[in-house]
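Keep in mind the model is a prediction, meaning the values are calculated, not measured. Ligands are counted one by one from 1 in listed order, and the atoms in each one are counted from 1 as well.
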Amino acid sequence: MYKDIATPARTRAILDKYGFSFKKSLGQNFLIDTNILRNIVDHAELTEESGAIEVGPGIGALTEQLAKRSKKVVAYEIDQRLLPILKETLEPYPHAKVIHQDILKANVKEMLETEFNDIRDIMLVANLPYYVTTPIIMKILEEKLPLRGIVVMLQKEVAERISAKPGTKEYGSLSIAIQYYTKPEVVMIVPKTVFVPQPNVDSAVIRLTIRETPSVSVKNEDFFFQITRASFAQRRKTILNNLSSQLEGGKEKKAEIIAALEQAGIEPSRRGESLSIEEFAKLSDVLYEMFS
Ligand code: SAM
């Protein structure tokens with residue numbers, strides 16, 4: 001049996017051996033608690049037929065736990081200094097592969113076709129670098145990759161925004177974008193003490209189960225997202241004022257926006273945070289006819 005990578009003593013020994021220094025700019029906060037890691041993997045509900053994609057393996061703490069419970073793991077790591085370390089720590093797991101690349105520049109679809117062509121059940125599981133949490137999640141969802149879901153550690157505050165319901169102060173265009181593609185659940189709140197170095201913010205693990213079809217059907221997805229972003233541009237403004245100041249030509253078309261809101265059954269004096277995703281879908285379809 002190999003000793004787990006994620007114990008404080010083994011992590012320290014690996015870091016010392018390679019003289020590794022953490023880069024804050026790359027969001028390097030490594031997990032040193034095997035129980036937390038196993039818990040994260042539990043929430044991904046993997047089987048020995050599953051595949052896992054990881055973003056940012058670090059020294060391989062989570063990669064190892066994923067490798068123990070899946071058929072194949074592919075991990076993207078941006079920091080070249082970690083490659084020789086991962087070669088050593090993941091040596092017992094030949095079905096774990098590391099790709100040295102920025103995930104935001106990676107062609108994940110092509111990778112899935114070559115590396116996971118015999119695997120039907122695929123999850124993305126990661127302790128994300130916090131400086132790029134949202135771009136990573138949005139990239140994976142917008143590319144409509146054939147995944148069952150995503151289980152990731154992120155900032156607690158971002159987890160709350162992702163899973164927020166209408167009428168709360170956390171609810172906004174991020175909640176809508178992610179709830180359009182997935183069903184989110186916050187499955188764990190994680191203390192700072194299980195990381196080295198400790199991050200400045202509290203953390204949480206969120207599970208996003210990808211929907212077979214989006215939560216609402218809209219005429220044009222890009223336009224729908226544009227309307228949701230515009231509606232929250234200034235949270236204290238009414239939906240009418242946000243839309244007329246944010247949409248191109250909106251100031252001149254104020255009367256049309258009022259008519260569209262009425263047609264969608266939405267009082268112009270309401271604020272964006274009070275609208276459900278279904279209401280945003282209805283409104284964006286009516287406005288799409290006027291603005292396209
Ligand atoms: N998985 C390890 C763990 O849980 O201990 C490390 C997680 S650490 C929070 C984030 C990792 O992501 C670091 O290894 C960092 O170098 C890597 N990383 C940062 N930006 C990245 C990017 N754009 N693409 C791929 N990896 C990235």
Side-chain angles (χ1 to χ4, degrees), residues 3-15 18 20-44 46 52-70 73-90 93 96-108 111 123-140 143 145 150-159 188 190-206:
K3 248 200 283 166
D4 283 317
I5 297 168
T7 62
R10 175 120 194 260
T11 300
R12 179 48 50 212
I14 294 167
L15 297 175
Y18 287 88
F20 184 82
S21 54
F22 293 100
K23 267 198 190 149
K24 215 175 168 181
S25 62
L26 290 179
Q28 292 180 335
N29 301 96
F30 295 173
L31 278 165
I32 47 162
D33 185 317
T34 318
N35 285 329
I36 298 271
L37 286 160
R38 289 201 193 106
N39 244 319
I40 296 174
V41 181
D42 284 346
H43 286 292
L46 302 173
I53 309 173
E54 189 190 354
V55 178
I59 60 169
L62 176 58
T63 328
E64 170 180 63
Q65 303 300 329
L66 290 169
K68 284 182 180 174
R69 292 220 245 145
S70 63
V73 186
V74 170
Y76 288 93
E77 176 54 63
I78 198 171
D79 188 348
Q80 186 158 17
R81 300 172 307 151
L82 289 164
L83 302 187
I85 306 185
L86 287 162
K87 193 160 186 283
E88 179 187 327
T89 57
L90 298 179
Y93 310 101
K97 176 173 176 162
V98 176
I99 298 181
H100 175 217
Q101 201 175 13
D102 176 346
I103 183 71
L104 295 177
K105 298 194 179 132
N107 187 338
V108 183
M111 181 284 286
M123 291 291 288
L124 184 139
V125 187
N127 169 19
L128 289 177
Y130 291 177
Y131 75 105
V132 274
T133 306
T134 314
I136 293 174
I137 297 177
M138 288 316 297
K139 170 190 165 90
I140 299 296
E143 289 182 2
L145 303 169
I150 297 176
V151 175
V152 281
M153 175 91 74
L154 33 57
Q155 306 92 308
K156 179 165 163 267
E157 178 252 323
V158 178
M188 236 196 289
V190 181
K192 294 178 182 153
T193 48
V194 299
F195 300 88
V196 280
Q198 294 191 14
N200 298 326
V201 293
D202 289 326
S203 299
V205 175
I206 198 161

Sub-4.0 Å heavy-atom environment of ligand 1, residues by chain: Leu26, Gly27, Gln28, Asn29, Phe30, Leu31, Glu54, Gly56, Pro57, Gly58, Tyr76, Glu77, Ile78, Asp79, Leu82, Gln101, Asp102, Ile103, Asn127, Leu128, Pro129, Tyr131

Kindly give the heavy-atom pair with the smallest separation between [X] and [Y], and that separation in Å.
X	Y	answer
Leu46	Met123	CD2-CG, 3.8 Å
Tyr130	Thr133	O-OG1, 3.2 Å
Gln28	Ser21	OE1-O, 4.3 Å

Check against side chain to side chain donor-acceptor pair (under 3.5 Å), Glu54 and Tyr76: CA-CA 6 Å; Glu54 189 190 354; Tyr76 288 93; over 6 Å; no

Residue pairs fulfilling salt bridge (charged side-chain N to carboxylate O under 4.0 Å, His left out) with at least one residue in residues 29-39, sequence neighbours excluded: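 Residue pairs passing salt bridge (charged side-chain N to carboxylate O under 4.0 Å, His left out), neighbours aside: Asp4-Arg38.
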
Whether Phe30 and Phe22 hold their rings parallel, tilted or perpendicular, with breakpoints at 30° and 60°: perpendicular

